[in-house]
Amino acid sequence: MNIFVANLNFKMQDDQLRELFEGYGTVGSAKIIIDHESGRSRGFGFVEMTDDEEAQEAIRNLNNAEQDGRPLIVKEARPRSEMGGGGGGGGREFRPSGDRPSGDRRSGGGGGGGGGFDRDRRGGGGDRGGFDRDRRDKFR
């Protein structure tokens, strides 16, 4: 069973997360999610336990348990398709010269559906990304 663990101390490492769950059974893997830009923990991770009964026991005992002064959030992980929404592509947005550069986080994006949780607000938003060819002449 794949388990989602949140509200982790940002200094916690994969092996410490593994040890926390090994008290309840066999752990196949334990991974803390790292922010690609900063290289720092995002404060959540995933633990894979081979036995579903052991995993349920770990969830019952560790959810809301205090770890490093923080109450953990521990629950069964859901597949991405159940989390709602999705990414959407990057794409470039046409802008007249002098406006924000294309690398600005507010430009580009589009595609994909709403929902899901994304702090950077990249992607998502349906068909709002970029201008279509017929409309871009209005901005020249």
Side-chain angles (χ1 to χ4, degrees):
M1 173 183 292
N2 198 13
I3 302 168
F4 172 75
V5 186
N7 205 27
L8 294 170
N9 183 314
F10 292 103
K11 294 180 182 179
M12 182 177 267
Q13 301 291 317
D14 292 347
D15 58 337
Q16 294 169 311
L17 182 61
R18 174 184 284 278
E19 288 174 16
L20 183 64
F21 279 81
E22 282 179 336
Y24 298 95
T26 305
V27 175
S29 66
K31 180 73 177 157
I32 293 177
I33 304 304
I34 303 297
D35 181 90
H36 293 300
E37 292 179 24
S38 69
R40 295 181 182 156
S41 167
R42 294 189 61 193
F44 69 93
F46 295 92
V47 175
E48 182 73 34
M49 294 188 73
T50 55
D51 184 275
D52 286 351
E53 287 182 32
E54 293 173 347
Q56 289 295 339
E57 181 72 14
I59 291 170
R60 279 191 296 276
N61 286 292
L62 293 174
N63 189 42
N64 291 318
E66 193 169 302
Q67 179 71 25
D68 296 324
R70 304 169 70 110
L72 295 178
I73 298 168
V74 182
K75 58 187 175 180
E76 184 174 352
R78 297 182 306 187
R80 288 182 181 218
S81 61
E82 291 181 23
M83 292 180 0
R92 288 190 174 195
E93 182 173 348
F94 174 82
R95 292 196 170 275
S97 61
D99 275 1
R100 294 190 309 261
S102 63
D104 188 296
R105 71 171 26 168
R106 292 175 289 174
S107 65
F117 178 72
D118 187 356
R119 288 181 191 213
D120 293 333
R121 298 180 189 202
R122 289 183 225 171
D127 61 353
R128 293 176 36 190
F131 290 101
D132 67 13
R133 294 177 189 259
D134 296 332
R135 292 178 29 194
R136 92 174 154 199
D137 289 332
K138 295 178 183 177
F139 293 97
R140 289 188 180 190

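The shown structure was predicted, so the numbers you read here are calculated from the model rather than taken from an experiment.
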Min side-chain heavy-atom separation [X]-[Y] under 4.5 Å:
{"X": "Leu20", "Y": "Leu72", "value": "yes"}
{"X": "Gln56", "Y": "Glu76", "value": "yes"}
{"X": "Val74", "Y": "Ile3", "value": "yes"}

Restricting to pairs with a member in residues 9-19, which pass salt bridge (Lys or Arg N to Asp or Glu O under 4.0 Å), not counting sequence neighbours? Asp14-Lys31, Arg18-Glu22
Roughly how far, to the nearest 0.5 Å, is the [atom2] atom of [Y] from the [atom1] atom of [X]?
{"X": "Arg70", "Y": "Leu8", "atom1": "CZ", "atom2": "CG", "answer": "8.0 Å"}
{"X": "Ile33", "Y": "Ser41", "atom1": "CD1", "atom2": "OG", "answer": "9.0 Å"}
{"X": "Asp35", "Y": "Arg40", "atom1": "CG", "atom2": "CZ", "answer": "9.0 Å"}

So which pairs with a foot in residues 5-40 pass ring pair (Phe, Tyr, Trp, His ring centres under 6.0 Å), sequence neighbours left out? none
Residue pairs passing the ring pair (Phe, Tyr, Trp, His ring centres under 6.0 Å) test where at least one lies in residues 46-78, sequence neighbours excluded: Phe4-Phe46
For the backbone of Glu57 and the side chain of Asn61, can you confirm whether one donor and one acceptor N or O come within less than 3.5 Å of each other? yes
What's the shortest heavy-atom distance between Ala58 and Met49, and which atoms? CB-SD, 4.0 Å
Minimal non-hydrogen separation, Pro71 against Asn7, with atom names: O-ND2, 2.7 Å
Do Leu62 and Met1 sit in the same hydrophobic cluster, where Ile, Leu, Val, Met, Phe, Trp and Tyr count as joined when their side-chain heavy atoms come under 4.5 Å apart? yes
